[in-house]
Amino acid sequence: MGYQLKTSDDLLVDFKRDSYIAASQGNYDDSQLLAVADKMILQHVVPLLKSLDSGWYMDYTDQSLSATANTYGIPRYAMYGMLYSVRLVRTSDGVETDDLELYTDSDARIHRNGSPGTPNGYELKHNRIWLDRFPGSSDVSTYSLRVYHYRRPGRLVLTSAAAVVQSVNTGTGVVTYTGAPPSTFTSSTLQDFYANQYPFLRLGANIPATALAGSTQTFSLANAALLSAGSYVTLEDETVFPDLPIDLYPHLSDLMALQLARSKSDAQQLQIEQAKVVESMRNALASSPGDRVKGRKRKMSLLNSGLISGGRRRFMVND
């Protein structure tokens, strides 16, 4: 297999090689270059992948229900403050309800219920989710609020800002690293865990440490079990893996080079050149319509179709 980028360090190697940036240049250090990469991901890569409606960046956040609250914050990682759907999830087995209905403000006034009970719908007010009623005590003990959203990628950092797992003691929760962890790690920092092979799955987020000694850091038994030899541990909200398909890494490098050369190009020309790179990414993904799973059978519901009255039917068609 040909050369493939893996980490943020590899991205910088590729970028410096292809952009012919001088090794001795003093305008941008590596952290600043990664900040440019973050900007390009959010400005160009995320909108492209999100537009394909194929599940890229889709994630969910669970929140505990309270009998004394009918308002809940939009998840901190929700890009653009946008939600995909809101559901209730049974905490005992993870079974989800159907989507709660989204009300407009005028509709919400009709559907608001002063009696506690199982919520049926919600409305959005700035950065908060307003349920149509306060959850009943039985609902609080049965359900959590599950909010599906597009998760904002973590901030890119150098591998020197992360630690690599050497071994995990699943009986004590002690994680031994291949060397001394970064000085930013402490006995109480929050950490994110990542697998070391593509697609570099996020194994855990906002995991609290309980101790730190030498090249070891301790977590709860359940959290330590998420890790294995080779896993990466970073501070919360940081990552050493650019959050996009590995095949698009070279395009990200091109976008970085164009962005850094913006002082030599007028704004209109810069937009044209960046649009060309984005179109190249689109072509690489063979999009339009851009289905992520080729040859799948798509289920179409005709429940609301005027062609069918009474009964329920579903038809299967080939893409």
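A quick note: this is a predicted structure, and the numbers were derived from the prediction, not measured.
If you chain together hydrophobic residues whose side chains sit under 4.5 Å apart, Leu260 and Leu258 fall into the same group. Taken together through direct or relayed side-chain contacts under 4.5 Å among Ile, Leu, Val, Met, Phe, Trp and Tyr, Leu201 and Ile41 form parts of separate hydrophobic clusters. With hydrophobic clusters built from ILVMFWY side chains whose heavy atoms lie under 4.5 angstrom apart, Leu227 does not share a cluster with Leu221. Under the 4.5 Å side-chain heavy-atom criterion for ILVMFWY residues, no single connected hydrophobic cluster contains both Met58 and Leu83. Val140 and Leu88 fall within the same hydrophobic cluster, defined by Ile, Leu, Val, Met, Phe, Trp and Tyr side-chain heavy atoms under 4.5 Å apart, directly or through other members.
Although no hydrogens or angles enter the test, the distance criterion places a donor-acceptor pair under 3.5 Å between the side chain of Ser54 and the main chain of Leu52. Under a 3.5 Å cut-off, the side chain of Asp14 and the backbone N or O of Leu11 do not form any donor-acceptor pair. Looking only at distances, a side-chain donor or acceptor of Thr210 sits under 3.5 Å from a matching main-chain atom of Thr218. In this structure, Thr170 contributes its side chain and Ala225 its backbone to no donor-acceptor pair below 3.5 Å. At distances below 3.5 Å, at least one donor-acceptor pair connects side-chain atoms of Gln217 with backbone N or O atoms of Thr186.
Between Arg155 and Asp192 no salt bridge is recorded (no basic side-chain N to carboxylate O distance below 4.0 Å).
With rounding to the nearest 0.5 Å, the separation of CD in Glu96 from CZ in Arg90 is 11.0 Å. Here the straight-line distance linking atom CG of Asp132 with atom CG of Asn70 works out to 8.5 Å at 0.5 Å rounding. The distance from atom OG of Ser8 to atom CG of Asp10, rounded to the nearest 0.5 Å, is 8.0 Å. We find the CE-CG distance between Met256 and Asp18 to be 11.0 Å, quoted to the nearest 0.5 Å. One finds the CD atom of Gln268 at 11.5 Å from the CD atom of Glu273 (value rounded to the nearest 0.5 Å). Here His126 contributes atom NE2 and Leu124 contributes atom CG; the two are 11.5 Å apart, rounded to the nearest 0.5 Å.
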Working note: His149 + Met82, criterion side chain to side chain contact (heavy atoms under 4.5 Å, CB included); need CA distance, chi angles, decisive distance, verdict.
CA-CA 7 Å; His149 55 84; Met82 294 174 60; over 6 Å; no

**Request:** I would like to know whether Leu12 and Leu34 meet side chain to side chain contact (heavy atoms under 4.5 Å, CB included); could you show each step before the answer?
**Result:** CA-CA 8 Å; Leu12 291 178; Leu34 290 180; 3.9 Å; yes

**Q.** side chain to side chain contact (heavy atoms under 4.5 Å, CB included) between Asp62 and Leu145, intermediate numbers included
**A.** CA-CA 6 Å; Asp62 289 344; Leu145 187 69; over 6 Å; no

- Apply the test side chain to side chain contact (heavy atoms under 4.5 Å, CB included) to residues Asp243 and Arg152: give CA-CA distance (whole Å), side-chain angles for both, the deciding distance (0.1 Å), then the verdict. CA-CA 9 Å; Asp243 198 356; Arg152 187 178 303 108; over 6 Å; no

- Message: Could you walk me through whether Lys276 and Asp254 satisfy the salt bridge (charged side-chain N to carboxylate O under 4.0 Å, His left out) test, starting with their C-alpha distance in whole Å, then the side-chain angles of each, then the deciding distance to 0.1 Å, before giving a yes or no?
- Response: CA-CA 10 Å; Lys276 288 180 180 178; Asp254 290 344; over 6 Å; no

Please evaluate residues Glu236 and Arg202 with respect to the criterion salt bridge (charged side-chain N to carboxylate O under 4.0 Å, His left out), reporting the C-alpha separation (whole Å), side-chain torsions for both, the decisive distance (0.1 Å), and the verdict.
CA-CA 11 Å; Glu236 67 166 337; Arg202 186 186 300 105; over 6 Å; no

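In this structure, a donor-acceptor pair under 3.5 Å is absent between the side chains of Gln43 and Gln274. Side chains of Gln63 and Thr61: a donor-acceptor N/O pair is absent below 3.5 angstrom, by distance only. Counted by atom type alone, Asp9 and Thr159 present one or more donor-acceptor pairs between their side chains at under 3.5 Å. For Ser280 and Asn283, the side-chain atoms include no donor-acceptor pair closer than 3.5 Å. Using modelled atom types and a 3.5 Å distance limit, the side chains of Thr142 and Asp139 yield no donor-acceptor pair.
Counting heavy atoms from C-beta outward, Tyr143 and Pro135 have side chains that stay 4.5 Å or more apart. A 4.5 Å side-chain heavy-atom check between Val240 and Tyr194 finds every atom pair outside the cut-off. Residues Arg133 and Asn120 have side chains in contact (heavy-atom distance under 4.5 Å, counting atoms from C-beta outward). The closest side-chain heavy-atom distance from Arg17 to Phe15 is not below 4.5 Å. Between Leu190 and Ile207 the shortest side-chain heavy-atom distance does not fall below 4.5 Å. When side chains are defined from C-beta on, Tyr60 does not count as touching Val147, because their heavy atoms never get closer than 4.5 Å. With contacts defined as side-chain heavy-atom distances shorter than 4.5 Å, the pair Val165/Thr178 does not qualify. The shortest side-chain heavy-atom distance between Ser115 and Phe134 does not fall under the 4.5 Å cut-off.
A cation-pi arrangement, defined by a distance under 6.0 Å to the six-membered ring centre and an angle within 45 degrees of its axis, is present between Arg87 and Tyr148.
The minimum heavy-atom distance linking Thr234 with Glu238 is given by the pair OG1-O, 2.8 Å. Minimum heavy-atom separation, Gly81 to Ile74: O-CD1, 3.8 Å. Listed here is the closest heavy atom pair of Asp38 and Gly154: OD1-O, 4.0 Å. Nearest heavy atoms, Leu100 versus Gly121: CB-CA, 4.1 Å. Listed here is the closest heavy atom pair of Tyr28 and Leu33: CB-CD2, 3.7 Å. Of all heavy-atom pairs spanning Tyr103 and Glu123, the tightest one is O-CB, 3.6 Å.
The six-membered or imidazole ring of Phe200 lies away from that of Tyr232, with a centre-to-centre distance of 6.0 Å or more. Proximity of the aromatic rings of Phe193 and Phe219 is defined here by a centroid distance below 6.0 angstrom, and this criterion is met.
The environment of Asp98 atom CG is sparse: at most 12 non-hydrogen atoms of other residues, nucleotides or ligands sit within 6.0 angstrom.
Residue pairs satisfying the ring-ring contact (aromatic ring centres under 6.0 Å, His included) criterion with at least one member in residues 62-96, sequence neighbours excluded, are absent.
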